[in-house]
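For reference, the structure discussed in these notes is given below.
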Amino acid sequence: MYFKGFGGNKLKNFKQIIAKQISKIINIDEQELTSYIETPKDTKNGDYAFPCFRLAKELRKAPPVIANEIKEKIELTDEIEKVEVAGGYLNFFINKSELAVEVLKEISNVEQYGKSELGKEKNIVIDYSAPNIAKQFHIGHLRSTVIGGALYNIYKYLGYNVTGVNHLGDYGTQFGKLIEGYKMWGKEYNIEKDPINELTKIYIRINEACKENEEILENCRNNFKKLEDGDQECVEIWKKFRELSLKEFQKVYDLLGSKFDSWNGESFYSDKMPEVIDILQKTGKLVESQGAKIIDLEDKGINTPCIIEKSNGSTTYATRDLAAILYRARTYDFDKALYVTSYEQVLHFKQVFEVAKLLGLDEKYTKGLEHVSYGMVRLPSGTMSTRKGNFIKVEDIIKDTINEAKKIIEEKNPSLEDKEEVAKRVGIGAIIFNNVSTNRVKDEIFDINEMLNFQGETGPYIQYTYVRTNSVLKKVANIPDAGKINVNNLQDEYSQNIIKLIADFENILINSSNDNLKFVDFSNELEVYINKIDETSKKRKTINLIQKLHREGKSVIVWCIFNDSILLLFNSLKRLGIKCKYINGSISNNERESIMNAFK
């Protein structure tokens, strides 16, 4: 079978095709059946599997009986090659040539492959990064920045109108402490020269002082109330802290390539909180408890009340988050609002999302609130804490990683041009990949050696695979026109596995957005299959193999697998926020070979 040329049609949805055939037999909604269809881990069990267990209750039959009855009646199509029964499963095998034709047809639009209109006219707000002013941008904030940035890119690619918000921690009782520390010892520290480190020293020192002196602690509390009330001295000190901190944070964001559409932090909502309190007051749910104003949530299964206003009249994180929800609903008309923070804030967001239902907002907004939690980053000695000075700065991590990458390049390939730029891309890629490749909800013990491992499922190895794949492609001369492609030459196991991955790219993006980052598995799996093909090629001497394939008119195998793989690796890394050049003649042979040699 030859592919006749490139069209602009969307890739066939094989799950829908299967569901349609099953629906004809059992008269159950096609869309519902589509949602049941799975992808078997072992390709011996087919390309898709339908679990008949889902139908047992409705049809009142045993799953194996249902499976056999459907198999007997199902109509094979051009797309479905065969159907087999395995226990209570129906295993579907897709016509390999048909699949290859569909993939080649769709991927011809290389820059847009996998792009979707799923999110057309839908709005998503993603709240991520959110470092605290006057504190170190440490590795805990890095996970939020990287995960949030990846979700931003994925949702954008799926056609959503995305707003990235850096909800800066620029308000709260900690500023009462910092202001008091600055008043007491400010002249001892040069915060203009080294703002974050000097302010961190003040913060650690004032915390120790608060433990020993209740009067100092009370002054700190009063400072924050003064800040809320617009006290000139407190506001000026606070503004100074904020401006100096943002300049420092921007250095990290520039290195990571992070961008935000809004920098409205907690302070932005200082004049919007009275409305929230007024609305809640009118519901009759806001009650006084020990001088504070709270919302009791026991009837919602939450045993801890949500504090809206403290006994001294100052507001809380919850009040500011509620004001933000109200503002974002009115400003962005969001269909979904994601909050990317550590799981330590699970209770906080349960409370806030429940109280938000009392704000008089349309149900669309309150149903769209979602907490994307992730595990804490821990040192071998325990949790990181700015109060104790027990933290790792992101800036130091980036510098160390880049220096380590550069050291490897110096050892392996000292003549490489642009060593600094290559080391920077590899180093930052390692950091980003490390943060999105680990299980999001599990705690992570920070291990710099694991992150900088240049073998296995790591950022540097994925980047190496990308460059290596391009190098193989460049060795193919006189690639045939699309119309001469014989897809029957793409029947081997690894080629088919890659074609299936490419075919499923859009679904993987959608699942990654719904699951909030399992997308990195795609990059790893694609890299594995590419390298298995490459290893087979090496055993037969790559150049000789490619020349032989070309003589036999099968150079399309190399073109299809390697060219499409380059595109998908580039696209998946780009969605994760890892920088690579889209190599289609845009990288010199010297740079390509040098990078490969450097990370072998």
Side-chain angles (χ1 to χ4, degrees), residues 9-103 105-106 113-120 122 154-155 158-160 335-336 367 370 496-497 499-516 518-519 521-522 525:
N9 300 322
K10 289 290 289 180
L11 191 65
K12 285 183 181 178
N13 189 321
F14 292 99
K15 285 186 178 182
Q16 282 184 359
I17 292 168
I18 292 168
K20 185 177 181 179
Q21 296 306 110
I22 297 175
S23 180
K24 288 178 183 177
I25 300 166
I26 60 175
N27 295 318
I28 291 178
D29 181 64
E30 181 183 321
Q31 200 166 6
E32 182 183 339
L33 295 175
T34 302
S35 69
Y36 296 160
I37 297 173
E38 303 169 358
T39 304
K41 290 182 179 179
D42 189 343
T43 54
K44 291 177 183 176
N45 293 323
D47 301 300
Y48 297 101
F50 184 84
C52 294
F53 307 94
R54 295 291 196 107
L55 307 175
K57 186 176 180 180
E58 189 168 351
L59 300 181
R60 298 184 178 183
K61 294 179 182 178
V65 174
I66 297 171
N68 278 290
E69 286 182 357
I70 293 175
K71 180 182 182 297
E72 291 301 316
K73 296 177 182 178
I74 201 158
E75 181 184 337
L76 295 182
T77 64
D78 290 342
E79 297 85 6
I80 303 171
E81 195 170 72
K82 64 176 178 175
V83 183
E84 292 181 352
V85 173
Y89 283 89
L90 272 172
N91 294 334
F92 291 82
F93 294 79
I94 300 301
N95 182 310
K96 294 181 176 63
S97 297
E98 183 75 20
L99 179 63
V101 165
E102 284 296 311
V103 169
K105 185 191 300 181
E106 180 63 18
Y113 184 73
K115 198 171 179 68
S116 170
E117 292 188 355
L118 178 74
K120 189 176 181 181
K122 291 180 182 177
I154 290 170
Y155 275 112
L158 290 174
Y160 289 86
D335 296 275
K336 189 183 283 190
K367 279 192 171 182
E370 186 176 343
Q496 278 294 307
N497 284 337
I499 288 171
K500 287 174 192 173
L501 272 178
I502 294 171
D504 211 29
F505 184 60
E506 184 178 334
N507 287 329
I508 291 167
L509 281 170
I510 293 168
N511 291 336
S512 293
S513 65
N514 292 334
D515 244 350
N516 297 318
K518 287 191 175 177
F519 181 55
D521 295 341
F522 169 80
E525 199 171 346

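Numbers here simply count residues along the sequence, with the first being 1. Here the structure is a predicted model, which is why all the values come from computation and not from measurement.
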Between [atom1] of [X] and [atom2] of [Y], what distance do you get to the nearest 0.5 Å?
X	Y	atom1	atom2	answer
T77	I17	OG1	CD1	6.0 Å
E81	L76	CD	CG	9.5 Å
E32	R54	CD	CZ	8.5 Å
I94	I80	CD1	CD1	6.0 Å
E79	N95	CD	CG	8.0 Å
K20	L33	NZ	CG	13.5 Å

Using a 4.5 Å cut-off on heavy atoms from C-beta on, say whether the side chain of [Y] contacts that of [X].
X	Y	result
L59	V65	no
Y160	D335	no
D47	L99	no
C52	L90	yes

Quick check against the 3.5 Å criterion: does N45 have a side-chain atom that pairs as donor or acceptor with the backbone of P40?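 No; judged by distance alone, with no hydrogens or angles, the pair does not exist.
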
Without swapping roles, check the side chain of T39 against the backbone of Y48 for a donor-acceptor pair under 3.5 Å.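 Absent.
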
Any chance the side chains of K336 and Y155 put a donor and an acceptor closer than 3.5 Å?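 Side-chain D/A pair, K336 to Y155: present.
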
For the student: nearest non-hydrogen atoms of [X] and [Y], plus distance:
X	Y	answer
N91	A86	ND2-CB, 3.5 Å
A67	Y89	CB-O, 4.1 Å
T34	K15	CG2-CB, 4.0 Å
K71	V83	CE-O, 3.1 Å
Q16	E30	O-OE2, 3.8 Å
K61	E69	NZ-OE1, 2.8 Å

F50 and Y36 aromatic ring geometry - parallel, tilted or perpendicular at 30°/60° bounds: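 Judged by the thresholds at 30° and 60°, the geometry between Y36 and F50 is tilted.
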
Greater than 12 external heavy atoms within 6.0 Å of K367's NZ: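 Not buried by this count: 12 neighbours or fewer within 6.0 Å.
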
